[in-house]
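This report refers to the structure that appears directly beneath it.
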Amino acid sequence: MGIISIGVGTCTLGRRQVDRDGNVVSETPAQWEVDPAGGSVAIVPLNPDTMEPDGAAEIYGDWQASSYLTRVVELIRPNRQINVPDLEAMIRRAAMDGMDICEYCPDPFRCPDCIVKEWKEDPGGE
């Protein structure tokens, strides 16, 4: 892959309605539209010659930064070691050593959406 596109937008799930016999009565495909106020992030491979999509889009919630940024690095495949530390491994290890990294959190009310909470709950990574 030579070029990837990353954009913010709105994702709408598709819908398929079938009758009692299993015949498709109506179908609305899933779609993603560019929208600066949207709640999703799309990563799309592009054909360098045409600048058109060259594969399926991968859609993430805009809150899933650890997921979509990890995917971007995987797609870029840098030839050298990247300068982003393995925070997941560091936090899992700290939890195994009995350290509660959340004591330093400036926003303790966002725990349900926090990736650190997930990593702490399973310090072994399984």
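- For the atom pair Ile6 CD1 and Leu69 CG, the distance stands at 7.5 Å (nearest 0.5 Å).
- Between Ser40 and Cys11, the shortest heavy-atom contact is OG-N, 3.5 Å.
- For the atom pair Tyr60 OH and Thr70 OG1, the distance stands at 8.5 Å (nearest 0.5 Å).
- Atom CD1 of Ile91 is separated from atom CE of Met99 by 9.5 Å, given to the nearest 0.5 angstrom.
- Expressed to the nearest 0.5 Å, how far CG of Asp86 lies from CZ of Arg93 amounts to 13.5 Å.
- For the residue pair Val116 and Cys102, the shortest heavy atom distance occurs at CG1-SG, 4.1 Å.
- If you take CD1 on Ile4 and CD1 on Ile76, they are separated by 5.0 Å, rounding to the nearest 0.5 Å.
- Taking hydrophobic clusters as Ile, Leu, Val, Met, Phe, Trp and Tyr residues chained together by side-chain heavy-atom distances below 4.5 Å, Ile59 does not share a cluster with Val72.
- A donor-acceptor pair under 3.5 Å is absent between the side-chain atoms of Glu118 and the main chain of Ile115, judged by distance alone.
- Following chains of ILVMFWY side-chain contacts shorter than 4.5 Å, one can reach Met51 starting from Val44, so the two form part of one hydrophobic cluster.
- Among residue pairs with one or both ends in residues 23-41, those qualifying as salt bridge (charged side-chain N to carboxylate O under 4.0 Å, His left out) are Arg16-Glu27; sequence neighbours excluded.
- For the pair Leu46 and Ser5, the tightest heavy-atom approach, listed with the atom from each and the gap, is CD1-CB, 3.7 Å.
- There is a path of hydrophobic side-chain contacts, each under 4.5 Å, that joins Tyr104 to Trp119.
- Between the side chains of Thr10 and Trp32, no donor N or O sits under 3.5 Å from an acceptor N or O.
- Rounded to the nearest 0.5 angstrom, Asn47 CG and Glu52 CD are separated by 8.5 Å.
- Met90 and Pro85 get closest at one heavy-atom pair: SD-CB, 4.0 Å.
- Grouped by direct or indirect side-chain proximity (heavy atoms under 4.5 Å, Ile/Leu/Val/Met/Phe/Trp/Tyr only), Val18 sits with Val24.
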